Amino acid sequence: MTGLWIQWILAAGCLLIGLFFMITAVFGVNRFRKALNRMHAAALGDTLGILFVILGLIVVRGFSLDSLKLFLVILFFWIASPVSGHMLSRLEVMTNEDLGELLLIDREHKPHEAEEEEEREENHEGV
Amino acid sequence: MPPSLRMTWDTRQERGKMEGINQAYEILLTGAMIVLAVLIVLSLIRSILGPGIPDRIIAVNMTGTMIIMVIAILSVLLDENYLVDVCLIYAMISFLGVVVLCKVYTGVYLQRKHMKADLHAIDDNLHHQEHEIIEEAGEKEEAR
């Protein structure tokens with residue numbers, strides 16, 4: 001009897017942790033302003049949220065074919081979620097033209113700055 | 001007390017305990033489903049409000065994740081095995097939907113960009129021709 005209650009407590013713990021992660025993900029998606037930040041919050045729910053919720057259900061089910069199928073759902077999500085996240089980030093970076101200032105890569109940006117700084121220094125020396 | 005009656009009493013006691021734990025499971029799973037339903041509504045609101053297309057796709061993707069969770073919980077609550085298969089298929093179709101939407105909107109964006117570039121090129125060409133005509137006219141007047 002106590003074994004069954006321990007099982008219940010384990011399942012409840014896993015489910016509550018998963019729900020906490022989902023609440024965090026939804027809060028983040030509603031709170032952040034930029035799409036890339038939102039994606040970061042959504043990825044949390046896609047990986048850890050679904051892992052813990054379905055782990056709780058596997059604990060409820062015990063060892064059976066259904067548990068294997070539920071585990072397959074987790075496996076599929078962990079393979080598919082990064083791929084869809086990559087596609088989404090590529091779409092965002094390609095279509096959003098306001099990101100230009102944020103996404104300047106040092107390698108492309110620094111030489112010009114360095115040259116400008118050198119010029120400024122030269123000008124100061126000249127003055 | 002005859003043994004048969006004791007057996008029934010024991011089984012009744014056992015059944016009572018089992019009912020208690022079943023009720024506990026029911027409360028747990030139903031509560032989780034209620035929380036997920038509220039979160040789904042919030043996520044749908046974000047998918048309507050989201051300023052850009054990527055925001056909407058992210059919100060819809062997360063809604064799909066939570067619907068998959070609800071279906072999985074339902075399969076345990078109702079003790080129906082086939083709902084887990086529905087869950088798997090839903091995950092696959094949701095992934096496919098995100099990939100296709102991304103590809104489609106990338107294509108739409110590139111098409112619009114090319115169209116804008118073509119229009120700018122046509123405008124520049126027209127201005128160039130106008131200037132050439134004006135210059136030619138000026139040269140002719142000077143020649144006179």
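The shown structure was predicted, so the numbers you read here are calculated from the model rather than taken from an experiment. Per chain, numbering begins at 1; letters A, B, ... match sequence-line order.
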May I ask you to list the residues in residues 30-41 of chain B that approach chain A closer than 4.5 angstrom, counting heavy atoms only, ordered by number?
B:A32, B:V35, B:L36, B:L39
Chain A contacts: which residues in residues 65-81 of chain B have a non-hydrogen atom closer than 4.5 Å to it?
B:T65, B:M66, B:I68, B:M69, B:A72, B:I73, B:S75, B:V76, B:D79, B:E80, B:N81
Which answer fits A:A43, side chain, backbone, both or neither, if we ask what part of it has an atom under 4.5 Å from a heavy atom of chain B?
neither
Roughly how far, to the nearest 0.5 Å, is [atom2] of [Y] from [atom1] of [X]?
X	Y	atom1	atom2	answer
B:I89	B:L96	CD1	CG	11.5 Å
A:S64	A:I58	OG	CD1	9.0 Å
B:Q23	B:L28	CD	CG	13.0 Å
B:N22	B:I27	CG	CD1	11.0 Å
A:F21	A:T24	CZ	OG1	7.0 Å

Partners of B:R46 by side-chain hydrogen bond (donor to acceptor under 3.5 Å, both in side chains), sequence neighbours excluded?
A:N30
Relative to the ring of A:W5, is the ring of A:W8 parallel (under 30°), tilted (30 to 60°) or perpendicular (over 60°)?
perpendicular
Could you label the plane-to-plane angle of the B:F95 and A:F76 rings as parallel, tilted or perpendicular, counting under 30° as parallel and over 60° as perpendicular?
perpendicular
Do B:Y109 and A:L91 come close enough that some side-chain heavy atom pair is under 4.5 Å?
no
Any side-chain heavy atom of A:F77 sitting closer than 4.5 Å to one from A:T47?
no
Count the heavy-atom pairs under 4.5 Å between each of [options] and chain B, then report the option with the highest count.
options	answer
A:A42, A:S84, A:G49, A:A11	A:S84
A:L57, A:L15, A:V73	A:L57
A:L88, A:L16, A:V29	A:L88
A:M94, A:R38, A:Q7	A:R38
A:I54, A:V53, A:V60, A:V26	A:V26

Inspect the surroundings of CD in B:Q111 and state if more than 12 heavy atoms from other residues, nucleotides or ligands are less than 6.0 Å away.
no
I'd like to know if the side chain of A:S89 reaches the main chain of A:H86, judged simply by a donor and an acceptor atom lying under 3.5 Å from each other, with no hydrogens or angles considered.
yes
Mark yes or no for whether B:S94, through its side chain, and B:Y90, through its backbone, hold a donor-acceptor pair below 3.5 Å.
no
Return the option, out of [options], with the maximum number of heavy-atom pairs under 4.5 Å with chain A.
options	answer
B:D85, B:L110, B:V108	B:D85
B:I57, B:I53, B:L101, B:I45	B:I57
B:L42, B:L49, B:D55	B:D55

Check whether B:V98 gets within reach of chain A through its side chain, its backbone, both or neither, counting any heavy atom under 4.5 Å.
side chain
Can you tell me which portion of B:Y25 sits under 4.5 Å from chain A's heavy atoms? Options are side chain, backbone, both or neither.
both
Donor-acceptor pairs under 3.5 angstrom involving side-chain atoms of residues 112-120 of chain B: please list them, not counting sequence neighbours.
none

Looking at B:P51 and B:R56, what are the two nearest heavy atoms and their distance?
O-NH2, 4.0 Å
